[in-house]
Amino acid sequence: MKKVFVLAGSDTSGGAGIQADLKTYQETGVYGMTALTTIVAQNPEKGWAHDVYPIDVDTVQAQIRTILDGVGVDIMKTGMLPTTEIIELAAETIDKYNLPAVVDPVLACKGQDEPLYPENAKALRELLVPKALITTPNLFEAGQLAEMDNITTIEEMKEASSRIHELGAKNVIVKGGHEVEGDQAVDVFYDGEVYILLENEIIDTKYTHGAGCTFASAITSALVKGQSPMKSVEFAKNFITNAIQGSWRLNQYVGPVNQYENR
Ligand code: ADP
């Protein structure tokens with residue numbers, strides 16, 4: 001059994017974060033272990049506002065020890081990292097254990113376009129993204145990492161992916177999703193040599209909670225099973241398209257993607 005170490009946040013509503021990651025690993029036949037970096041609770045009295053409760057760095061470190069000294073893994077995947085200290089710890093962990101890493105550079109909860117902590121973009125750019133085997137920014141995160149405003153076209157996605165590659169990430173996939181020009185959900189993959197466009201019809205739904213986490217985890221599963229980065233993003237694109245097709249309404253605010261739709 002291939003084993004994955006996930007360093008990410010908990011989504012109390014169950015759709016994103018480590019909950020999405022573990023469901024994706026279950027559906028793809030790999031074993032996930034999680035070190036929680038933060039707990040995100042949603043406030044039903046305040047229109048589902050996201051309240052973020054970071055975990056202190058010693059507690060994160062204790063979880064990392066359990067997983068990496070107590071068991072050992074084949075690959076690491078990062079999600080929401082709430083403080084620069086935890087971003088630093090993630091980068092040190094990659095080096096210390098010599099792990100291939102999928103870095104999902106989460107900067108905001110879905111539906112919120114302000115970074116949780118502005119200083120985190122700089123720390124991700126300087127400390128963590130350079131160590132990524134692959135990084136998976138959405139348009140907002142790509143803009144922050146590449147220091148570009150308002151990416152809306154495929155040409156700008158290519159420019160962003162090459163700037164992020166220059167930071168040191170070996171492979172980059174910029175997720176356009178439903179926000180990019182045209183009527184396709186387009187992602188741009190760049191490995192330093194060629195740009196590949198991954199396209200699917202945009203699925204007409206507002207229920208895409210957990211799409212980014214699921215996508216990055218599906219890439220992780222394919223990589224750890226020996227696929228190339230390019231084949232892994234193709235696998236993940238297909239996996240997330242099915243999961244969005246099966247998404248559903250959880251309450252008046254949110255609807256999660258459904259990994260089970262890949263069975
Ligand atoms: P994030 O959750 O990080 O914002 P996205 O939702 O932008 O991530 O992207 C995750 C994956 O889902 C990407 O491959 C993207 O193209 C795809 N995707 C997002 N929304 C849709 C949609 N409405 N229809 C089809 N694919 C989508």
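Heads up: numbering here begins at 1 and tracks the sequence. Indexing begins at 1, ligand by ligand and atom by atom, following the structure's order.
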Results of salt bridge (Lys or Arg N to Asp or Glu O under 4.0 Å) for E156 - residues two or more places apart only |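 So E156 forms no salt bridge (Lys or Arg N to Asp or Glu O under 4.0 Å) with any residue.
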Any heavy atom of [X] closer to ligand 1 than 4.0 angstrom?
X    : result
T241 : no
N200 : no
E201 : yes

Can you find a side-chain donor-acceptor pair between H165 and D191 that sits under 3.5 Å?
->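 Distance-only check fails for H165 and D191.
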When you check the side-chain N and O atoms of Q42 and D11, is any donor under 3.5 Å from an acceptor?
->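 D11 and Q42 do have a side-chain donor-acceptor pair below 3.5 Å.
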Within 45° cone and under 6.0 Å: K158 NZ/CZ vs Y195 ring =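 Satisfied, under 6.0 Å and within 45°.
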Could you tell me which atoms of ligand 1, counted from 1 in the order shown, lie closer than 4.0 angstrom to a heavy atom of [X]?
X    : value
K175 : 1 (P), 3 (O), 8 (O), 9 (O), 10 (C)
N138 : 1 (P), 3 (O), 4 (O)
A185 : 16 (O), 25 (C), 26 (N), 27 (C)

Would you say [X] has any N or O atom under 3.5 Å from an N or O of ligand 1, going by distance alone?
X    : result
T208 : no
I203 : yes
I202 : no

Ring pair (Phe, Tyr, Trp, His ring centres under 6.0 Å) against Y253, all qualifying residues, sequence neighbours excluded =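 Ring pair (Phe, Tyr, Trp, His ring centres under 6.0 Å) check on Y253 returns W48.
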Could you tell me the separation between the CG atom of L68 and the CD atom of Q63, rounded to the nearest 0.5 Å?
->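 If we round to the nearest 0.5 Å, L68:CG and Q63:CD are 11.0 Å apart.
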Measure the OG1-CG distance between T135 and L128 for me, rounded to the nearest 0.5 Å.
->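 If we round to the nearest 0.5 Å, T135:OG1 and L128:CG are 7.5 Å apart.
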What part of I244, side chain from CB on, backbone N/CA/C/O, both or neither, has a heavy atom under 4.0 Å from ligand 1?
->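 Side chain only.
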Side chain, backbone, both or neither: the part of I240 lying under 4.0 Å from ligand 1 by heavy atom =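 I240 to ligand 1: side-chain contact only, backbone stays beyond 4.0 Å.
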Between E126 and K122, does at least one N-O distance fall below 4.0 Å, as a salt bridge requires?
->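 Here E126 pairs with K122 in a salt bridge, since their nearest N and O are under 4.0 Å apart.
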